[in-house]
Amino acid sequence: MVEVLDYDVVIVGSGLAGLRTAIEVKRRLGDQVSVAVVSKVQLMRSHSVAAEGGTAAVLYPEEGDSYALHAWDTIKGSDFLADQDAVWLMVKLAPEEVRLLERWGMPWSRRPDGRIAQRPFGGHSFPRACYAADKTGFFEMQTLYGKLQQYDGWDRFDEVYVTSIVVEEGEFRAVTALDLSSGEMIVFRGKAGVIATGGAGRVYRFTTYSYSATGDGLAMAMRAGIPLKDMEFIQFHPTGLVPSGILITEGARGEGGYLVNAVGERFMKRYAPEKMELAPRDVVSRAIMREIIEGRGLHDDDYGMDYVLLDLRHLGEDKLNEKLPAVREIAIKHAGIDPASEPIPVRPVAHYTMGGINTDKYYRVLNIEGKWIRGLWAVGEAAAASIHGANRLGSNSTIECLVSGRLAGAQIALFLQKNAREGAKPPSKSIVEREEKWIFDNLLGGRRDGRSIYEIREDMQSIMDKHVHVFRTREGLLEALRKLRDLRSEAERAYPEDKSRIYNTDLVAVLETRNMLDVAYTITYMALLREESRGAHYRLDYPRRDDENWLRHSLSILHGTEVITSYKPVSITTWKPVERRY
Ligand SMILES: Cc1cc2nc3c(=O)[nH]c(=O)nc-3n(C[C@H](O)[C@H](O)[C@H](O)COP(=O)(O)OP(=O)(O)OC[C@H]3O[C@@H](n4cnc5c(N)ncnc54)[C@H](O)[C@@H]3O)c2cc1C
């Protein structure tokens, strides 16, 4: 039996972006509007709770910060691939978001005079990252959830795994989902749909991302014929803790931490003499990899990993406890190292998906011709409105989640008012039946005749860690594509061993791994096509940025084994691209 539920708004994802969208719809239309928030994990377990270091916004123009400076830092950080009009919109809406959160109860860290404190972050030329110790995302999620609970007329569906987005006649219709606790299928019909499914960090093994960041929304979008934008740009954060990959926040360098190599040298002086450790992430990650490749790294024999050191000892125990308590706790618990007395082993780690679902600056989802898919928005990390271009600055993501949620929520409210009398159009029966048949007959009913899905997943992650990393080459990318192609066909024959209905995590692993393989293949394919180096995408065989040929966004839709590609211009409204120096 397929249950059909009708809502005005269906939001897939309960991270910062999903919750902020729900709040904005509710602030504007109150109880008259019905909202479903669907999440494959418990609401408060979305990856957003792990955000540590801060949220960027211009709060103190009288001290020298400005919208223009925030916009310029972001655009330069993006290696000029950001859409400049989208960046301006975000930086102008950012301060109000920080203050709204404060009003809703957010315990921002404070200056001695009681005003909101800010810390330096990589690539920002003013200390504008607002923070709550080093647990910023956790407190932001608590605050948004608390606010949302003031409203009636919304339902949360935790542990409900969405399997497809239904778009028909150019319009959003519904999503199909599997209720993990019962094993039954649910169709959520909505007048408006929001994809807030986060990033795809788990296509890599060494990653800061929680297990749930499997890029489902991106893969589902492509299956619905929706293009992804700029997928070749994956951010590697410079300081992943060795060996686990847990993030050591950039806040640690913001508070004064140094990076040193095997001979104790602060090597960033050779790569970014001015900004040093606070250059943007792509620059610092490349510097660390160069040190390692040129033999000035350290080596962990047990895990076969090369690394450099992050030294926080000079900050002293009191500052560590006050400003970076989570960093200290993480290093002690997960590496057996107390940063108050020993430097921390770190190396670049997969951290953010700059690309995502193709949207305009208002986060409306666009098809490959640039036409709005009526009733559909994408927000947060799943979306690519092109704020971050080829490289995101730290603390710009959580603020994008808030701003995009607010923008989408406000438009959804208008959209619903204008179309008040229209009911949600039902998706055609055949689409729902096809999805049902695929999951229950094909996947649960099928016999496994191939390798375990877990082995396939590990192989994919190793390939991505090896070939689609900080430094890329044509040979490596071709090799990765060939192997990923094989893994995709193996995954088609890998069925869940567990055939039960209730909490079938084996089935979820199959669905997620297939999605990740689609995303990994698309990232690699687009990285192969882009024959230049820009931001986080660095080709050893094309080491220069090539504005003449490549100052443009890529669009991609994986369809079977083909990737349909197209390009579109970057919106350049204020600053012409110049060479990036730090
Ligand atoms: C360790 C870490 C630290 C970070 N620190 C910072 C920081 O200090 N500052 C900053 O600006 N950024 C930071 N970032 C980045 C930032 O936290 C994320 O980009 C942002 O929180 C993403 O939020 P989101 O709402 O888009 O998605 P997420 O919080 O990732 O939530 C995704 C949601 O989608 C749901 N979902 C996904 N697939 C499905 C499906 N198939 N069916 C149903 N539900 C689904 C999930 O259950 C979840 O609720 C950090 C990231 C990490 C990993």
Side-chain angles (χ1 to χ4, degrees), residues 10-21 36-57 94 119 121-122 129-132 134-138 140-141 144 156-165 175-180 186 188 194-202 207-220 235 237 239-241 245-251 254 281 326 330 349-354 356-357 378-383 387-388 392-402 404-405 508 511-512 515:
V10 178
I11 299 175
V12 185
S14 63
L16 285 173
L19 294 185
R20 184 65 187 85
T21 311
V37 178
V38 187
S39 173
K40 69 178 176 178
V41 297
Q42 274 188 354
L43 183 138
M44 281 298 292
R45 286 180 166 259
S46 301
H47 184 72
S48 291
V49 295
E52 297 174 13
T55 297
R119 60 164 49 125
F121 245 70
C130 312
Y131 60 97
D134 52 2
K135 301 176 185 177
T136 309
F138 173 78
E140 288 176 340
M141 284 288 290
L144 292 183
R156 56 187 272 202
F157 294 86
D158 285 2
E159 300 183 322
V160 172
Y161 182 96
V162 172
T163 63
S164 76
I165 303 162
V175 300
T176 61
L178 190 65
D179 181 347
L180 299 179
I186 308 177
F188 291 90
V194 181
I195 310 173
T197 45
R202 278 280 149 188
T207 176
T208 59
Y209 264 83
S210 44
Y211 283 90
S212 56
T214 56
D216 297 331
L218 308 181
M220 288 190 287
Q235 176 159 85
H237 191 292
T239 56
L241 181 66
I246 298 175
L247 179 73
I248 301 297
T249 172
E250 195 164 294
R281 291 174 179 173
I330 288 167
V349 59
H351 182 63
Y352 188 80
T353 322
M354 258 82 71
I357 294 168
V379 289
E381 190 170 343
I387 301 289
H388 314 298
R392 170 176 78 92
L393 294 189
S395 70
N396 262 354
S397 170
T398 45
I399 194 63
E400 188 194 14
C401 288
L402 298 169
S404 61
V508 173
L511 296 169
E512 287 181 340
N515 284 339

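We count ligands from 1, going down the list as the structure has it; atoms in each ligand are counted the same way. It should be emphasised that the depicted structure is a prediction, and the values quoted were computed from it without experimental measurement.
- For atom 21 (O) of ligand 1, the nearest non-hydrogen atom of the protein is Ser48 OG, 2.8 Å.
- For Ser212, no nitrogen or oxygen atom sits less than 3.5 Å from a nitrogen or oxygen atom of ligand 1, counting backbone and side chain alike.
- A donor-acceptor pair is defined here as one N or O able to donate and one able to accept, closer than 3.5 Å; no such pair exists between the side chain of Thr197 and the backbone of Val12.
- Heavy atoms from other residues, nucleotides or ligands lying under 6.0 Å from CZ of Arg45 number 12 at most.
- The closest non-hydrogen atom to atom 14 (N) of ligand 1, taken over Glu52, Arg392, Met141, comes from Arg392.
- Close approach to Ser46 involves these atoms of ligand 1, each under 4.0 Å from a residue heavy atom: 29 (O), 31 (O), 48 (C), 49 (O).
- Of the N or O atoms in Gly217, none lie within a sub-3.5 Å distance of an N or O in ligand 1.
- Those atoms of ligand 1 that come under 4.0 Å of a heavy atom in Ala50, given as number and element, are 1 (C), 2 (C), 3 (C).
- Within the 4.0 Å heavy-atom criterion, the part of Leu247 lying near ligand 1 is the side chain and not the backbone.
- Close contacts of ligand 1 with Asp216, meaning ligand atoms under 4.0 Å from a residue heavy atom, involve 38 (N), 39 (C), 40 (C), 41 (N).
- The shortest heavy-atom distance from Asn396 to ligand 1 is under 4.0 Å.
- Of the N or O atoms in Lys40, one or more lie within a sub-3.5 Å distance of an N or O in ligand 1.
- Considering every non-hydrogen atom in both Met44 and Phe138, the closest pair reads CE-O, 4.4 Å.
- When only non-hydrogen protein atoms are considered, atom 51 (C) of ligand 1 lies nearest to His47 NE2, 3.3 Å.
- Among the atoms of His351, none of the N or O lies under 3.5 angstrom from an N or O of ligand 1.
- Those atoms of ligand 1 that come under 4.0 Å of a heavy atom in Gly15, given as number and element, are 25 (O), 29 (O), 31 (O), 49 (O).
- At under 3.5 Å, not a single nitrogen or oxygen of Met220, backbone or side chain, sits near a nitrogen or oxygen of ligand 1.
- Residue contact check for ligand 1: Val160 places a non-hydrogen atom closer than 4.0 Å to it.
- Near Thr398, meaning under 4.0 Å from any of its heavy atoms, are these atoms of ligand 1: 9 (N), 10 (C), 11 (O), 12 (N).
- Closest heavy-atom contact between Val379 and Ala196: CG2-CB, 3.6 Å.
- Close approach of ligand 1 to Val41 is summarised as follows: ligand atoms under 4.0 Å from at least one heavy atom of the residue are 47 (O).
- Of all protein heavy atoms, the one lying nearest to atom 47 (O) of ligand 1 is Ser39 OG, 2.8 Å.
- Residue-level proximity to ligand 1 for Thr197 is carried by backbone and side chain together, each with a heavy atom below 4.0 angstrom.
- Here the protein heavy atom with the shortest distance to atom 16 (C) of ligand 1 is Ser397 OG, 3.5 Å.
- Ligand 1 lies less than 4.0 angstrom from a heavy atom belonging to Ser395.
- Closest to atom 42 (N) of ligand 1 among all protein heavy atoms lies Val162 N, 2.8 Å.
- With hydrogens and angles disregarded, a donor-acceptor distance shorter than 3.5 Å links the side chain of Glu381 to the backbone of Thr353.
- Near Gly53, with a cut-off below 4.0 Å to any heavy atom, the atoms of ligand 1 are 7 (C), 8 (O).
- Backbone and side-chain nitrogen or oxygen atoms of Gly13 are examined, and none is located within less than 3.5 angstrom of a nitrogen or oxygen of ligand 1.
- When only interatomic distances are considered, the shortest N/O to N/O separation between Tyr161 and ligand 1 does not fall below 3.5 Å.
- Here is the list of ligand 1 atoms found below 4.0 Å of a heavy atom in Tyr352: 19 (O).
- At a cut-off of 3.5 Å, with distance as the only test, a side-chain donor of Glu400 or His388 sits close to an acceptor on the other residue.
- Counting heavy atoms closer than 4.0 Å to ligand 1, residue Ala196 contributes backbone atoms (N, CA, C, O) but none from C-beta onward.
- Counting heavy atoms closer than 4.0 Å to ligand 1, residue Thr214 contributes nothing at all.
- Using a 4.5 Å heavy-atom threshold, the side chains of Glu512 and Tyr211 count as separate.
- In this structure, the side chain of Ser48 does not engage the main chain of Gly137 through any donor-acceptor pair within 3.5 Å.
- The closest donor-acceptor contact from the side chain of Thr55 to the backbone of Thr398 lies at 3.5 Å or more, if one exists at all.
- Counting protein heavy atoms only, atom 13 (C) of ligand 1 is closest to Ala51 CB, 4.0 Å.
- Atom CG of Leu511 and atom NZ of Lys40 lie 9.5 Å apart (nearest 0.5 Å).
- For the residues Gly356, Gly380, Gly54, the heavy atom positioned nearest atom 7 (C) of ligand 1 is part of Gly54.
- In this structure, the side chain of Thr207 engages the main chain of Ala350 through a donor-acceptor pair within 3.5 Å.
- No donor-acceptor distance shorter than 3.5 angstrom exists from the side chain of Arg281 to the backbone of Arg392, with no hydrogens or angles considered.
- Close N/O approach between Thr208 and ligand 1 is not found [any backbone or side-chain N/O within under 3.5 Å].
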